[in-house]
2 protein chains.
Amino acid sequence: MTIAENNKEFLASEECALCPTREIALFANLKPEDLLQMHSPIQYKVLEKGETLYTHDEKADYIYTLHDGVLKLEQYLPSGEQRIVRLLRRGDLAGIEAVTAANYQHDAIALTKISVCKIPSNLVLDLSHKSPELHANLLNKWQLALTTSDTWLTKLSTGPSRYRVVRLLIWLSGNSPDEEFYMPGREDMGNILSLTTETVSRAIAGLRRDGVLELRGSNSAMADISNLKQIVKEPT
Amino acid sequence: MTIAENNKEFLASEECALCPTREIALFANLKPEDLLQMHSPIQYKVLEKGETLYTHDEKADYIYTLHDGVLKLEQYLPSGEQRIVRLLRRGDLAGIEAVTAANYQHDAIALTKISVCKIPSNLVLDLSHKSPELHANLLNKWQLALTTSDTWLTKLSTGPSRYRVVRLLIWLSGNSPDEEFYMPGREDMGNILSLTTETVSRAIAGLRRDGVLELRGSNSAMADISNLKQIVKEPT
DNA sequence: CGACAACTTGACGTTAGTCAACCACGGTGG
DNA sequence: CCACCGTGGTTGACTAACGTCAAGTTGTCG
C-alpha cells in the first residue's frame, strides 16, 4: 500500500524520508537526523475538488505542503467581492502564515482533487531554529510566495483582458509547450484576473479562433505557448 | 550631531542600540549582546525625492530598514508597462529578498526624502541563525510584506476607479483621521491602481467636490476617513 | 517673472460590464 | 434508455466605465 492509496492516514514522521515530494517541498535537504527528531504526527490528506482545506477565520495551527492538484487561496472584501490571490500547485506551501500569525489569511479551496501533508506549525517553528536547512527552505518558500504575488499584480492585473488571460494561460501551462494543462472555470479565472466570466469566455473564444488554444476535456486545455508569448511580447 | 543631520555616515553597530526606529524595525527585541556581535558596518543613508535606492538588476547584498519617508517598489513587464507593487514607509524593510535571492526583484525609488539603514544581508542571515528574536522578526516582516501584497491585489486592483482611489487614500492616511498625509503624484497613483493619470485625477476631483478630500501643499492631503470608509463599505 | 512639469477638464472612442437568451454537457430519475 | 433538469459556458445587444487625445490651467522652482 502506497501513501496515496489510502485516503486519510497518519504517518510516522520517519516516513517523510520516503516522500516523493520531499525534494521540492519544505523538508528538502533536511538531514536524516533532523527528520527523525520530528515526533509530532504528520497527517496525509486527500481532498476532493471543491473541498475546503482551511478558512480565514480558523486558528492557524497547521502548514500544508501540496503534493498534487491545484489549490486556490481566496480573500474577501467587506463589500462581498472576492478575489483569488494565488494558485498553488505541487511543492507549494499553503498556510505558511501559521508560523507567525494566529489565523489564516485566506480561504483555501481545492480546484482539483488534491493531496497534502498537514504539518503542525509549531513543529516547523521548532525545527527552523534547530535546522539551518529548514530555516533556509522556509525563507525561500516565503520569498517565492512574495515573488508570485508581485508577479500576479504586474502580469495578471494589468493590461487588456486578452493579455491577462494569455498570461494566466502561460502560467498555468507551467511553460511546458504542447502539453495538456489544467484550466480553471471561467468564474475562477475571472476572480484571478479581476474580469467577469463573460469577458474571460470571450477572450478564450478569440484565442481558439486564432488557433493558439485548444480545449480538451473539462478544465483542461492545450496551447501553443510560444505563440501566446508573442501575443504578450515576452521572450520565447 | 544627531544621526539624521549628516548625509552619509557610517555607524558603528553599537549605535543601533540608540536607534529610535529600532523598536519597530528588524532589530526589535534583540538582546544587547546580539547587537554587539555585529561588527559589520551599518551605513545610514539619506536619499532625496526621486533618487534610486536599488534596481532589480543589481546584486542584492544589502537590506534596508526605512526610517522615514515613502519608498516605492516598481516592477517592469517585458512589454514596457510598469507597476508599483508596494509602497514602504517607516519601519518597513526594503530588499528583504537579499537574504535568499541573488538579485533584487524591484526598482526602489524614493517618493519623498527618505532615510534608511543599509545592512549587509549576510549579517542578517548570520544573526537570524544565532538570535531567535531576529529570526522571528524576519519571518514577521516577511509575512507582513505578503499580507500587504495580497491586500493590494484585492483592495487596490479590484472594483471601480473611485473605490480604488478611496482605498488607496485610506491606506495612505494610515487610518489616522483628520491628519495631513502624503499623497503621491497622479501618475504614481495610477501605477499603483492600474489606472491612467486622467482617471485618477477625475476620481480625486469627484471626492473633492463631495467634500471628503482636501488638497494641501504639493503631495499632501487631508480626508474625512470615516466618510471614505463608508464609500467603500468598510467598518469605520 | 517666465518656463516647465504636473494636474485638470472636455470630447470622443474603445473596452469591459451587464442583462438576457441560448447551448452543451452530465447526472438523475422515470 | 431517454427525457429532464441544473450547472457552466457561450454569444449577442446594449450600457457604463475607462482610456485616449488634446487643450487648457495651476503650481513650482529657478
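Just so you know, these numbers use all the heavy atoms, side chains as well, and skip hydrogens, waters and symmetry mates. Just so it is clear: chains get the letters A, B, ... in the order the sequence lines come, proteins before strands, and each one is counted from 1.
Rounded to whole angstrom, the span from the OH atom of A:Tyr163 across to the P atom of C:dA16 amounts to 11 Å. Atom pair A:Leu195:CG and D:dG9:C1' shows a separation of 16 Å (rounding to whole Å applied). The nearest whole Å value for the distance from the CG atom in A:Asp188 to the P atom in D:dG8 is 10 Å. B:Met189 places its CE atom 14 Å from the P atom of D:dC18, with the value rounded to the nearest Å. Computed from coordinates, the A:Lys49 NZ to C:dG27 P distance equals 11 Å when rounded to whole Å. For the pair A:Glu198 CD and C:dT18 P, the interatomic distance rounds to 8 Å; values are reported in whole Å. A:Arg186 places its CZ atom 16 Å from the P atom of C:dG17, with the value rounded to the nearest Å. Between the CG atom of B:Leu193 and the P atom of D:dG19 there is a distance of 10 Å, rounded to whole Å.
Residue contacts for A:Ile204: at a heavy-atom cut-off of 4.0 Å it reaches no nucleic acid atom on any strand shown. If you check every strand for non-hydrogen atoms under 4.0 Å, A:Ser218 touches nothing. Using a 4.0 Å heavy-atom criterion, one finds that B:Arg162 contacts no nucleic acid atom at all.
Using a 4.5 Å heavy-atom cutoff, the side chains of A:Asp224 and A:Asp178 are not in contact.
At C:dT9, none of the side-chain N or O atoms of B:Arg202 fall inside 4.0 Å of OP1 or OP2 (strictly under the cut-off). An OP1 or OP2 oxygen of C:dG17 is reached within less than 4.0 angstrom by a side-chain nitrogen or oxygen of A:Thr199. Residue A:Ser161 places at least one side-chain N or O closer than 4.0 Å to OP1 or OP2 of C:dA16.
Side-chain proximity of A:Thr196 to the nucleotides C:dG17, C:dC7, D:dT11 is greatest for C:dG17.
Atom CD of A:Glu58 has more than 12 heavy atoms from other residues, nucleotides or ligands within 6.0 Å. The number of heavy atoms from other shown groups lying within 6.0 Å of CZ (A:Arg208) does not exceed 12.
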Quiz item: Which is it for A:Thr65 and A:Arg90 under the side chain to side chain donor-acceptor pair (under 3.5 Å) test, yes or no, and what are the steps along the way?
Solution: CA-CA 8 Å; A:Thr65 62; A:Arg90 185 164 216 273; over 6 Å; no
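For A:Tyr54 and A:His106, the ring centers sit 6.0 Å or farther from each other.
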